[in-house]
Protein chains: 2
Amino acid sequence: MNADQDGMRIGSKGRGGAAVGATPVAALGAYIEERGLKHSRQRELIAQAFFESGGHVTVEQLVERCRRADPRVSVATVYRTMKLLAECGLASARQFGDGQTRYEPAAGRAHHDHLICTVCGDIVEFANDRIEALQESIARRHGFEVESHRLELYGRCARCRTARAEEARP
Amino acid sequence: MNADQDGMRIGSKGRGGAAVGATPVAALGAYIEERGLKHSRQRELIAQAFFESGGHVTVEQLVERCRRADPRVSVATVYRTMKLLAECGLASARQFGDGQTRYEPAAGRAHHDHLICTVCGDIVEFANDRIEALQESIARRHGFEVESHRLELYGRCARCRTARAEEARP
DNA sequence: GTCCATGCAAAGCTTTTGCATGTCT
DNA sequence: AGACATGCAAAAGCTTTGCATGGAC
C-alpha cells in the first residue's frame, strides 16, 4: 500500500469503521476459544459497540453505548474486554492529551497518525511514508531502533476555522 | 537556527540543562512581581531543582529533589509551582505513555521531539525541519491549521541494544 | 495588616483489583 | 461440576482543591 499521499480518512467522528466485515468479532471469537476463554453476551456487546464506533472512543463512551443495549454492563468489564481486544491485536490504545485512554480498531491496519481538532475534538487519521522514513533515519542517527512511534498534530479543523472566521465578521 | 540535521542532544538523562545561565529563575521572579504574586523559598527551591534537572522530570522526582534541601516541601506546592512555571512559559508539560506528567524547560527553545528508550527510559531530544514541513503540508491538505504537535519515537537506545546483543551471546 | 503561598488531608478522575456470584462449556 | 466472566465496591495512582496556618510585602 502506498500511503505517501496520505489522507486515508479512515475513521473520523461519526463514520463507521466496522465495515471491514463481520470479521473482527469472529477473530475475537477465535482468540477466545484458542485460549480456553469463554464467550459472553457482554463481550459480544462490547466488541460490537467498539467496532461500530468509528474509532477513538473512550471507555466511558463505550460504556454508554453498551448500556443502551443492556444497562447493567459494568465499567470494569468494559476495561477488561478492551484489554482483551488489545491483546489479540484487534484494538489499540491511544493516549491523547486528555487523560482518557482511547481505543481504535487495529485489525491488520497499517500504521497511521492523527490530526486532532482542538475546538471540536474531531480526530482524523493520516499516513505518510516520507515522514516514517525520516523518523527511521533520525532514530538510526541516534543509535535507536524504533519499535513504535506516534505523531499527533493539534490544531483547528476546516469547519472550526470557518466558524471562527464567520463569528469574527458578523 | 537550522535543525534540519537534527540531533541536538539537549537534555538527556543525567545531564544538566541549567547552563542557560541564571536567567530562567530570574524570569520567574519577573513574572511573579508583574502579577503581584509573592516570592518564596519553596518557589525558588522548586525552580532551581527543575532547571538543574536536565528536563523530562516527573513531579515525583522534583519532590524528591526538593526534599533533599528541605524535607517539608509538599507535593501540592510542587504541582502548583510547576503549573506556574508552565503558565509563564518557562516549563512545558509532556505526557509520555506512563501516566505521569513530565516537565521540561521551555525558555525560548525551539520545538523539538523525543526519542524514548523503552528499556532504560532514557529520553533524547531531536528536531528536524523536514518533518515539520511535511506535517504542515499534511495538515493543510486536510484543512487543518496546526497549533502544536508532538512526535515520539519509542525504541531501544544504542546502549540497551548492545546490552541485549551481549546477553544473547555469552 | 492584608493577601498570597504552604501544608495537610480530603476529594476527583481514570483505571485496576478482590470477592462473591453468575454464566458458559 | 468446574472454570472463567461479571458486577459491585473498594483501592490504587496521579493530580487538584478546601481550609487553616504561615510568610511576604
Side-chain angles (χ1 to χ4, degrees), chain A residues 25 28-50 56-67 69-88 91-103 121, chain B residues 25 28-50 56-67 69-88 91-103 121:
Chain A
V25 186
L28 174 60
Y31 182 86
I32 282 175
E33 288 173 17
E34 200 172 284
R35 297 213 146 186
L37 305 179
K38 286 173 182 166
H39 293 279
S40 80
R41 200 174 32 81
Q42 288 89 330
R43 283 182 176 171
E44 293 227 353
L45 205 69
I46 294 164
Q48 189 187 327
F50 170 61
H56 313 119
V57 272
T58 63
V59 171
E60 200 182 1
Q61 291 169 332
L62 282 172
V63 170
E64 194 191 344
R65 238 168 219 274
C66 290
R67 285 192 175 154
D70 177 350
R72 305 177 354 161
V73 175
S74 88
V75 200
T77 302
V78 176
Y79 274 104
R80 289 190 272 233
T81 303
M82 289 317 296
K83 197 159 272 186
L84 193 67
L85 282 164
E87 272 170 33
C88 66
S92 79
R94 294 267 182 176
Q95 297 286 150
F96 303 121
D98 63 353
Q100 279 181 263
T101 302
R102 287 164 189 273
Y103 285 94
Chain B
V25 186
L28 175 59
Y31 183 84
I32 283 176
E33 287 173 16
E34 200 172 284
R35 296 213 148 187
L37 305 179
K38 284 172 183 169
H39 293 278
S40 80
R41 200 172 33 81
Q42 288 89 328
R43 283 182 175 171
E44 294 228 352
L45 205 68
I46 295 163
Q48 190 187 326
F50 170 62
H56 313 119
V57 272
T58 62
V59 171
E60 199 181 2
Q61 290 169 331
L62 282 171
V63 170
E64 194 192 341
R65 239 168 219 275
C66 290
R67 284 192 175 155
D70 177 350
R72 305 181 351 167
V73 175
S74 88
V75 199
T77 302
V78 176
Y79 274 103
R80 290 189 272 232
T81 303
M82 290 317 296
K83 197 159 271 185
L84 193 67
L85 282 164
E87 271 170 36
C88 66
S92 79
R94 294 267 183 176
Q95 297 285 150
F96 302 120
D98 64 351
Q100 278 181 264
T101 302
R102 286 164 189 273
Y103 285 94

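The chains referred to below are lettered A, B, ... by the order of the sequence lines, with proteins before strands, and numbering in each begins at 1. Just so it is clear, the values below take in all heavy atoms, side chains as well, and ignore hydrogens, waters and symmetry mates.
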Original post:
So do A:Leu84 and A:Arg80 actually touch side chain to side chain, heavy atoms under 4.5 Å?
Top reply: no

Original post:
When we call it a touch if two heavy atoms are under 4.0 Å apart, what does A:Val75 touch: a base, just sugar-phosphate, or nothing?
Top reply: nothing

Original post:
Where do B:Leu85 and B:Leu28 land on the side chain to side chain contact (heavy atoms under 4.5 Å, CB included) test, with the steps shown first?
Top reply: CA-CA 7 Å; B:Leu85 282 164; B:Leu28 175 59; 4.0 Å; yes

Original post:
Who pairs with A:Arg41 by side-chain hydrogen bond (donor to acceptor under 3.5 Å, both in side chains), at least two apart in sequence or on another chain?
Top reply: A:Asp70

Original post:
Roughly, in whole Å, what's the span from CZ in B:Arg102 to C1' in D:dG13?
Top reply: 15 Å

Subject >> Contact list for DNA chain C against residues 28-43 of chain A - heavy-atom distance below 4.0 Å >> reply: A:Lys38, A:His39

Original post:
Looking at the side chain of B:Thr77, which of D:dT16, C:dG7, D:dT6 is the nearest nucleotide?
Top reply: C:dG7

**OP:** Please report, rounded to the nearest Å, how far the P atom of C:dA5 is from the CG atom of B:Leu85.
**Re:** 13 Å

Original post:
Taking atom CD of B:Glu87 as the centre, does the number of heavy atoms from other residues, nucleotides or ligands within less than 6.0 Å exceed 12?
Top reply: yes

Original post:
For C:dT15, does either OP1 or OP2 sit under 4.0 Å from a side-chain N or O belonging to A:Thr101?
Top reply: yes

Subject >> B:Glu60 CD to D:dT15 P, straight-line distance once rounded to whole Å >> reply: 9 Å

Original post:
Taking atom CD of A:Gln100 as the centre, does the number of heavy atoms from other residues, nucleotides or ligands within less than 6.0 Å exceed 12?
Top reply: yes

Original post:
Between B:Tyr79 and D:dT15, does any side-chain N or O lie under 4.0 Å from OP1 or OP2?
Top reply: yes

Original post:
Taking CD from A:Glu44 and C1' from D:dA5, how many angstroms apart are they, rounded to a whole number?
Top reply: 14 Å

Subject >> Spacing of B:Gln100 atom CD relative to C:dC13 atom C1', expressed in whole Å >> reply: 16 Å

Original post:
To the nearest angstrom, how far is B:Met82 atom CE from D:dT16 atom C1'?
Top reply: 16 Å

Original post:
A:Asp98 has an atom CG; how far is it from atom C1' of D:dC14, in whole Å?
Top reply: 15 Å

Original post:
When you match A:Ala76 and A:Leu84 each to their closest nucleotide on DNA chain D, which lands nearer the 5' end?
Top reply: A:Leu84

**OP:** Could you pull out all residues at least two apart from A:Arg65 that satisfy side-chain hydrogen bond (donor to acceptor under 3.5 Å, both in side chains)?
**Re:** none

**OP:** Using whole Å, report how far CG of B:Leu45 lies from C1' of C:dA5.
**Re:** 14 Å

**OP:** Select one nucleotide: of D:dG18, D:dG7, C:dT15, the one nearest the side-chain heavy atoms of B:Arg80.
**Re:** D:dG18

**OP:** With the side chain counted from C-beta on, respond yes when B:Gln95 and B:Thr101 share a heavy-atom pair under 4.5 Å apart, and no when they do not.
**Re:** yes

